[in-house]
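Each remark here refers to the structure printed beneath this line.
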Amino acid sequence: MAEEIRIDKGLTKTITEFAPHHYHIEVEKGATLYHYRLGKFNPKDDRNSELIVDVAENAKYVGCLVLLDDAPANLKVQINLKGKGASCDSDAIYLGSGKQKYNLALIANHEASDTVSLQKAKGIMKDASSMDFQGLINIKEGVAKISGDQLHEAILLSDTAKVKCAPELAIASEDVKCTHGSSIGMLDESALFYMESRGISKPEAKALLLKAFVLEILNKIAHEKTRDDFTAEVEKWLTKNI
Amino acid sequence: MEKDKKKSLSKLADTKYKYGFISDIDSEDFPIGLNEDIIRLISKKKAEPSWLLDFRLKAFCHWQKMKEPTWAKVHYPKIDYQSIYYYASPKLKNKNAPKSLDEVDPKLLAIYDKLGVPLKEREALAGVVAVDAVMDSVSVTTTYKAKLEAQGIIFCSFSEAVKNHPDLVKKYLGSVVPYTDNFFAALNSAVFSDGSFVFIPKGVRCPIELSTYFRINAAKTGQFERTLIVADEGAYVSYLEGCTAPQRDENQLHAAVVEIVVLKDAEVKYSTVQNWFPGDEFGKGGIYNFVTKRGLCAGANAKLSWTQVETGSAITWKYPSCVLKGDGSIGEFNSVALTSHYQQADTGTKMIHLGKNTRSTIIAKSIAAGNSSSTYRGLVKMAKTATAGNNFSRCDNLIIGNKSKTYTVPVMESANPSAKIGHEATTSKISDEQLFFCRQRGLSEEEAISLIVNGFCKEVMQKLPMEFAMEATKLIQVSLEGVSIG
Amino acid sequence: MSFFEIKDLVAGTEDKTILSGFNLSINKGEVHAIMGPNGTGKSTLANIICGNPKYKITSGKIIFKDKDISTLSVDERAHLGLFLGFQNPVEIEGISVITFLKYAVNAKRKFEGKDKIAAPDFLKMIKVRATALGISDEMLKRPLNVGFSGGEKKRIETLQMAVLEPDFCILDEMDSGLDIDALKVVSDGVNVLAKDKTRAFLLITHYDRLLTLIKPDFVHIMNGGKIVKTGDENLAKELEAKGYQGIING
C-alpha cells in the first residue's frame with residue numbers, strides 16, 4: 001500500500017518523517033523535494049519500506065535516510081531520473097547494534113540524458129548486527145551525458161558484526177561518467193593516534209571520529225530543525241553504543 | 001563529424017582474426033556423446049589407474065544431478081552435451097608418444113610453426129621457454145624436460161604425471177576445485193583429457209617461464225583440459241598459458257579446470273593471454289569458454305597472482321580465484337578484458353580471506369566495443385578469522401561506441417572488524433578531449449584509440465612476463481583495429 | 001599562395017553561434033596575437049581552425065596552404081602542418097611522454113611517405129630539444145601530463161611543437177599559469193622556431209607579458225566573435241593601459 005505524493009511543477013517542498021513506509025513520489029518538472037527520514041519502527045508497520053521516486057525534467061530529489069536500531073529492516077530507495085536534467089542526491093546512514101539485520105538497496109535509474117545521481121551510504125555496525133547493502137547505478141541505452149557516483153563506507157566495531165556490500169554498475173550507454181567507491185573496515189588508526197597524541201583519550205577519540213564519520217552526511221541536511229533532531233538521535237545512539 | 005566518428009568506430013570493431021585456419025590432421029575420434037561407457041573408454045585409452053577412473057565416475061554421477069548455471073549475464077543457445085566428441089587425439093606415427101621431434105608427424109610440426117610454438121630447443125638460457133604443447137586432447141611433446149628434471153622440477157602432461165607421479169596427483173587432484181564445486185568443474189572432472197602438471201620441489205626457483213599452447217581443432221570437440229600446479233615450500237614458478245583457435249562454424253565448448261596449490265613461502269605467477277576465435281561479425285561460431293581456475297595459498301606467506309588478457313571466445317565465463325588460507329598469504333588478480341562484435345564476457349575474481357594478515361589486490365580493466373557486453377563480477381570475502389586482512393580493488397571500464405554494455409558487480413563481505421576492504425570503479429568512454437588532442441598531433445582516429453586503450457591497460461600489461469606482454473599488446477591492437485602503428 | 005586565411009567564418013556549437021563573420025589573414029613568417037575578453041571566442045577559434053568535432057561551421061572558409069581545410073579531419077589538418085598548443089593539455093594515463101612523441105613523429109613520417117624513425121635517431125632528437133626546454137629524462141618517462149603542473153604541461157606542449165616542426169602554430173594561452181622562468185623557456189622555444197621566418201604563429205593571450213618576450217607583427221583585439229581592432233605591438237601596450245572596454249569603446 002504505497003502512499004502517493006506529488007510535488008507540483010516548480011515547487012520546493014521539504015518532508016521530514018520519523019517512520020519510513022511505502023511511497024511513490026513524483027517530483028514534477030522543475031520541482032525540488034527535500035526528503036528526510038529517520039527510522040523508528042512502529043509495531044503496526046511491517047519491517048519493509050519501499051520508496052520509488054520519479055524525477056521529471058530539471059527536477060531534483062534530495063534525500064537523507066537515517067537508520068537506527070529500531071528502523072525497519074528491509075529498505076529500498078529507487079530513484080528514476082525520467083526527464084532531461086533530472087538529478088538526485090540520496091544519502092543514507094545506518095547504525096546497527098544487538099541483533100539488528102538490515103537490508104538496504106539504493107538504486108538510481110538513468111532513463112534520460114543530462115542526468116546526475118549522487119548516492120552515499122555510511123554505516124557503523126557493532127555486536128551481532130549485519131547489513132546487506134546493494135547499490136545500483138543503472139544507465140539505459142541511448143541516453144547521453146550521464147554522471148553517476150556512488151559511495152559506500154562501513155565501519156565494523158565487533159567481531160560478530162557483518163557487512164556485505166554489492167555496488168553495481170549496469171551501463172548501456174557510451175556517454176557516461178560513472179564512479180563508485182566502497183570500503184569496509186575500521187577507524188583510521190593514524191587519525192586515532194593523532195588525537196591521542198594531542199591528549200585525547202582513546203575512547204573519546206573513537207567517539208569523535210565515529211561522530212565525524214556520520215556527521216559528514218548529517219551536515220548536508222538543509223532544513224535546520226531536521227538536522228538538529230536527526231543529529232541528536234544519532235548522538236544518542238553513539239553515546240549509548242560507543 | 002559525428003557520422004565520421006561512427007563510421008570509423010564500426011570499422012574498428014572489425015576484427016581480422018589472423019590465426020583463423022583449419023588444420024586437416026586426422027583426428028582419432030571417439031564415438032559421439034557422453035555416458036558412463038565413454039568415460040570408461042577414455043580412462044582405458046589412457047591406461048589410467050582405478051582410483052582415477054573412480055574419480056571420473058563419481059564426478060560424472062554428480063554432474064548428472066546438477067543443473068547448468070544461469071546466473072551469469074551471458075546468453076547462449078542450449079548446449080547439447082550428447083552431440084559433442086569428448087576425446088580426440090591426432091594420429092601419430094607411433095602408438096606411443098614420440099621420443100624425439102623426428103618422430104612427430106611433420107604436419108603437426110607445421111601447425112606448431114604457424115602457431116609460433118617454439119618446439120626446437122634453444123641454446124641460450126636467457127629468454128628460454130619450455131613448451132608443453134597440447135594438440136586437441138593429447139600432449140604431443142614436452143621440451144626441456146631433461147633440464148628441469150635435473151632440478152627436480154616436474155613439468156609434463158597430466159597423463160604422464162598420472163603414470164610417473166601418481167602419488168602427487170592423487171594427493172592434490174580435486175583439493176582446490178572438488179568436482180562438487182560447479183557444473184562445469186564436475187563435467188571436466190569426468191571427461192578431462194589432458195593438460196599440464198607442474199611440481200616445483202622445496203626451495204627451488206624454476207629458472208624458465210613454463211608455457212603451454214593448445215587449440216581446439218576437431219569440430220564438435222569440446223576441450224576439457226585439466227591443469228595442476230603445485231609449488232612446494234619456498235618454491236617459485238611463472239606459468240604462461242596462451243591459446244588460439246581456428247575458424248569454425250559450430251560453437252566449441254571449452255570447460256577447463258586449473259588447480260594451483262601454493263605452500264608456505266612459495267610463489268606462483270599464472271599468466272594467460274586468451275585468443276579464442278570470437279565469432280564472426282554476426283556473433284556466429286565462436287568458442288564457449290567456461291573455466292574454473294582456483295588457487296589455494298595453503299601455507300604462510302604463500303603468494304599467487306593471476307594475470308590475464310582476454311580478447312576472444314564468444315562466451316567467457318571465468319573467475320580465477322584465490323583462497324588465502326595461510327597467514328600472510330597474498331593474492332593478486334590483474335585483468336584486461338576486451339570484447340567487441342557480439343562477444344559476451346562475464347568474468348572476474350574471487351578472493352577469499354581466511355588467514356590472518358592476508359592481502360589481495362584486484363586490478364580489472366575492461367574495454368567493450370561493438371555490440372558486446374562485458375561484466376565484471378568480483379567477490380572479496382573476509383571471513384571471521386581474517387584478522388587484519390586487507391583488500392583493494394579497482395575496476396575501470398572503457399566503453400567504445402554506443403551499442404556495448406558493461407556491468408560491474410563487485411561484492412564485498414566482511415565479518416571481521418579489523419579487516420579492510422576498499423573498492424573503486426569508474427566507467428567512461430574515451431574522452432573527446434583525448435581523441436582531439438591525439439588527432440591534433442597527427443594520429444588517425446584508429447591510432448588514437450589504440451594508443452589510449454594501450455595506456456588504459458598499461459597497469460595490467462606490465463605484470464605480464466615480457467614476451468607475453470608483447471603478444472598481448474599486439475592482440476589488443478588486432479582486436480581493435482585493422483591497421484597497426486606498432 | 002594563400003598561407004592562412006579565414007573568410008567570413010560563422011561557426012559555433014550546436015546551440016550557439018560564437019564566431020559571427022570572422023576574418024583573418026596570416027602570411028608565412030608572421031607572428032600574430034589575438035587578445036580579447038573572456039568568452040569572446042578566442043579558444044573556440046583555435047579549436048575550430050584545428051577541426052575540433054565539438055564545433056560546427058555554418059558558413060565561411062578556412063584556407064591553409066591554398067587548401068580549404070574546413071572539410072578535413074583533425075589529423076589531416078595536423079599533417080598539413082597545423083599545431084595547436086592547448087590551453088589545458090589533456091592527461092593520458094599509461095602512455096609516457098616519450099612514447100607519445102614517437103607515435104606522433106611516426107604518424108607524420110607515414111604521411112610523408114617515410115619509414116618509421118630509428119630509435120637512436122629519435123632519442124637523440126628528443127634529448128636535444130628536451131634539454132633546451134629544461135625537461136628532465138624522468139619527466140619524459142612519466143605518463144603524459146598526469147599530475148603535471150601547469151608549467152610542466154606547457155613545456156611538454158612546447159617540446160611537441162619543437163619535435164613536430166609544424167608550419168602554423170596556434171598557441172592557446174600558453175602563458176597562463178606560468179611563472180617567469182617557465183614563461184621564458186616557452187617563449188625561447190617559440191622564438192627558436194620563428195627565427196627562420198618559414199612559419200607563422202598565432203598567439204592567444206590576455207597579457208602583454210608574453211608579447212614582450214615574443215614580438216608580434218600584428219595584434220588583434222577580438223570581441224563578439226570577430227576582430228574589432230588591429231594594430232602592432234603598441235596596441236597590446238595600449239590595452240594594458242586602457243583595458244578591453246577602453247579599447248573596444250574608445
Side-chain angles (χ1 to χ4, degrees), chain B residues 1-9 11 309 334 336 363 365 367 394 396-398 424 426 428-464 469-470 472-473 476-477 481 483-486, chain C residues 14 46-57 70-96 99-112 116 143-146 153 156-157 160-161 163-164 166 169-170 172:
Chain B
M1 277 297 175
E2 271 305 301
K3 214 176 26 154
D4 284 350
K5 187 176 182 188
K6 282 210 173 84
K7 249 206 294 181
S8 327
L9 284 177
K11 222 188 343 159
V309 176
N334 305 292
V336 167
I363 310 278
K365 305 262 182 188
I367 303 141
R394 192 184 167 87
D396 293 322
N397 299 317
L398 193 61
E424 282 167 25
T426 64
S428 57
K429 62 173 185 171
I430 292 179
S431 84
D432 291 333
E433 289 81 28
Q434 284 177 328
L435 260 181
F436 178 55
F437 178 81
C438 291
R439 299 195 69 185
Q440 210 296 304
R441 295 298 185 262
L443 274 66
S444 72
E445 187 173 71
E446 281 182 18
E447 289 167 343
I449 291 183
S450 175
L451 180 94
I452 293 168
V453 168
N454 252 319
F456 179 73
C457 304
K458 191 61 165 280
E459 206 179 341
V460 172
M461 299 301 226
Q462 275 171 343
K463 307 261 170 161
L464 288 171
M470 283 172 12
T473 306
I476 301 271
Q477 270 171 0
E481 56 173 349
V483 174
S484 159
I485 57 173
Chain C
E14 292 239 342
N47 274 271
I48 288 179
I49 294 173
C50 294
N52 190 331
K54 227 165 91 177
Y55 302 99
K56 305 253 172 316
I57 294 178
S70 29
T71 52
L72 294 184
S73 71
V74 179
D75 43 311
E76 283 167 338
R77 299 185 203 199
H79 294 152
L80 275 182
L82 210 55
F83 179 89
L84 175 61
F86 284 76
Q87 186 176 27
N88 291 307
V90 86
E91 296 179 357
I92 302 182
E93 282 279 3
I95 300 290
S96 67
T99 302
F100 180 76
L101 277 169
K102 200 155 181 213
Y103 272 82
V105 165
N106 282 328
K108 181 172 180 205
R109 288 171 73 93
K110 185 164 146 193
F111 172 75
E112 292 167 346
K116 291 199 186 138
L144 186 59
N145 293 328
V146 177
K153 283 188 184 176
I156 299 294
E157 288 290 281
Q160 290 177 39
M161 186 172 67
V163 166
L164 294 171
C169 306
I170 305 169
D172 191 358

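In what follows, every chain begins at residue 1, and chains take the letters A, B, ... in the order their sequences are listed.
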Practice problem: Enter the distance from C/Ile92:CD1 to B/Asn454:CG here, rounded to the nearest 0.5 Å. | Solution: 11.5 Å
Quiz prompt | Contact class of C/Leu101 relative to chain B, heavy atoms under 4.5 angstrom | solution = neither
Quiz item: OG/B/Ser450 to OH/C/Tyr103 distance, rounded to the nearest 0.5 angstrom?
Solution: 5.5 Å
Practice problem: Taking all heavy atoms of C/Ala78 and all of B/Gly442, pick out the closest pair and write down the distance. | Solution: CB-N, 3.6 Å
Quiz item: What do the steps show when you test C/Phe100 against B/Cys438 for side chain to side chain contact (heavy atoms under 4.5 Å, CB included), and what is the final call?
Solution: CA-CA 9 Å; C/Phe100 180 76; B/Cys438 291; 3.8 Å; yes
Self-check item: C/Leu84 side chain reached by B/Phe436 side chain, heavy atoms, under 4.5 Å
Solution: yes
Quiz item: Considering only heavy atoms, which portion of B/Cys457 lies under 4.5 Å from any heavy atom of chain C: side chain, backbone, both, or neither?
Solution: neither
Quiz item: Distance from C/Ile95 atom CD1 to B/Ile452 atom CD1, nearest 0.5 Å?
Solution: 8.5 Å
Quiz item: More than 12 foreign heavy atoms under 6.0 Å from CD of C/Glu112: is that the case here?
Solution: yes
Quiz item: Side-chain contact, heavy-atom cut-off 4.5 Å: B/Glu445 with C/Asp75?
Solution: no
Self-check item: Listed partners of C/Ser96 passing side chain to side chain contact (heavy atoms under 4.5 Å, CB included), at least two apart
Solution: C/Ile98, C/Thr99
Quiz item: So which heavy atom on B/Glu447 is nearest to which on C/Lys110, and how close?
Solution: OE2-NZ, 3.5 Å
Exercise. Measure B/Phe437 against the heavy atoms of chain C and call it side chain, backbone, both or neither at under 4.5 Å.
Key: both
Exercise. Before accepting this row, confirm whether a basic side-chain N of the pair C/Glu76/B/Arg439 lies closer than 4.0 Å to the acidic partner's carboxylate O.
Key: no
Practice problem: Please list, chain by chain and in numerical order, all residues satisfying side chain to side chain contact (heavy atoms under 4.5 Å, CB included) with C/Pro89, sequence neighbours excluded. | Solution: C/Phe86, C/Asn145, C/Lys153, C/Lys154, C/Glu157
Practice problem: Examine whether an atom of C/Asn88 lies under 4.5 Å from a heavy atom of chain B, and if so say whether it belongs to the side chain, the backbone or both; otherwise answer neither. | Solution: neither
Quiz item: Which of the residues B/Lys458, B/Glu459, B/Gln440 is involved in the greatest number of heavy-atom pairs with chain C at under 4.5 angstrom?
Solution: B/Gln440
Quiz item: Nearest 0.5 Å, what's the OG-NE2 distance between B/Ser444 and C/His79?
Solution: 7.5 Å
